[in-house]
Amino acid sequence: MSTLSIIKQNLLHEPLSSDALRLAHGIYNTYIQQDEESPMEIKIANFYKLLRLEPCEESINKIQELFEELNEPLAVKNFEFRGEKTQLKFVQFCTYKITKESIIIEINPEYLHVQREYMLDFFLF
């Protein structure tokens, strides 16, 4: 059985905005402090502080736009994860749901693997 060799790749078509990077780092830092892979529930007020936004509907829209920027799919060639090999895999950063007072976020473990093993242009670690 042949193995696919990991080749580091530039996977971001465009650099992330500074606000999207700030959001990604905030989410990731919360994730590693949580010490488990279950979904995280983070109060929206924390996002307002992190991104220096006023609490209003426009700020919620801005947060949602940043999540969409982070969730731009990455196309990874010769992807291998947990023993499964794929010639081309599309991965996204997370799934999220905005509620009245919080945002429920689940970081995609495949995305974290891509950051560690495949990206030349990584930004989380």
Side-chain angles (χ1 to χ4, degrees):
M1 182 189 290
S2 68
T3 61
L4 301 173
S5 63
I6 293 177
I7 299 172
K8 297 279 186 174
Q9 305 163 44
N10 283 317
L11 298 176
L12 295 174
H13 294 296
E14 295 179 19
L16 295 172
S17 68
S18 60
D19 283 342
L21 285 173
R22 189 177 298 120
L23 178 63
H25 289 140
I27 292 168
Y28 181 71
N29 288 334
T30 302
Y31 171 82
I32 58 174
Q33 289 174 0
Q34 181 175 304
D35 198 33
E36 57 184 71
E37 286 190 25
S38 64
M40 301 174 286
E41 186 169 356
I42 303 172
K43 298 289 183 193
I44 290 177
N46 292 341
F47 291 99
Y48 293 148
K49 289 179 194 173
L50 176 68
L51 299 168
R52 299 177 190 98
L53 298 171
E54 295 296 320
C56 64
E57 187 66 31
E58 187 176 311
S59 294
I60 296 290
N61 293 338
K62 173 69 175 175
I63 292 167
Q64 188 166 4
E65 288 172 13
L66 294 173
F67 269 101
E68 294 305 313
E69 182 179 346
L70 288 176
N71 273 329
E72 185 70 32
L74 300 179
V76 185
K77 296 177 185 173
N78 299 328
F79 180 72
E80 184 176 351
F81 183 70
R82 296 182 179 160
E84 285 191 37
K85 300 172 187 165
T86 308
Q87 285 185 347
L88 181 64
K89 177 78 173 186
F90 292 92
V91 295
Q92 289 183 288
F93 178 64
C94 69
T95 57
Y96 69 97
K97 180 181 178 187
I98 299 175
T99 67
K100 188 171 183 158
E101 295 182 7
S102 62
I103 302 177
I104 301 165
I105 306 163
E106 188 166 5
I107 295 179
N108 183 347
E110 290 180 341
Y111 194 93
L112 296 177
H113 179 68
V114 167
Q115 281 276 303
R116 283 186 197 100
E117 302 296 328
Y118 291 87
M119 290 185 84
L120 284 172
D121 47 357
F122 65 93
F123 56 89
L124 284 179
F125 311 118

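We use all heavy atoms of the structure for the numbers below, so side chains are in, but hydrogens, waters and symmetry mates are not.
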Quick one: does [X]'s side chain have a donor or acceptor within less than 3.5 Å of a partner on [Y]'s backbone?
{"X": "Tyr111", "Y": "Asn71", "value": "no"}
{"X": "Glu110", "Y": "Phe81", "value": "no"}
{"X": "His113", "Y": "Glu80", "value": "yes"}

Legend entry - Joint cluster assignment, Val114 & Ile32, ILVMFWY side-chain distance < 4.5 Å: yes
Show the nearest heavy-atom pair for residues [X] and [Y], with the distance to one decimal.
{"X": "Leu23", "Y": "Leu50", "result": "CA-CD2, 4.0 Å"}
{"X": "Phe90", "Y": "Ala75", "result": "CE2-CB, 3.4 Å"}
{"X": "Glu106", "Y": "Pro39", "result": "OE1-CG, 3.7 Å"}
{"X": "Leu53", "Y": "Ser59", "result": "CB-OG, 3.5 Å"}
{"X": "Ala24", "Y": "Leu70", "result": "CB-CD2, 3.7 Å"}
{"X": "Asp19", "Y": "Arg22", "result": "OD1-NH1, 2.7 Å"}

At what distance, to the nearest 0.5 angstrom, does [atom1] of [X] lie from [atom2] of [Y]?
{"X": "Ile27", "Y": "Asn46", "atom1": "CD1", "atom2": "CG", "result": "11.5 Å"}
{"X": "Ile60", "Y": "Ile63", "atom1": "CD1", "atom2": "CD1", "result": "5.0 Å"}
{"X": "Ile44", "Y": "Ile103", "atom1": "CD1", "atom2": "CD1", "result": "5.0 Å"}

Inset, instruction - For Glu68 and Tyr96, test the side chains for any donor-to-acceptor distance below 3.5 angstrom and give the result as yes or no. - result: yes
Inset, instruction - State, yes or no, whether a side-chain contact exists between Lys62 and Leu51 at a heavy-atom distance under 4.5 Å. - result: no
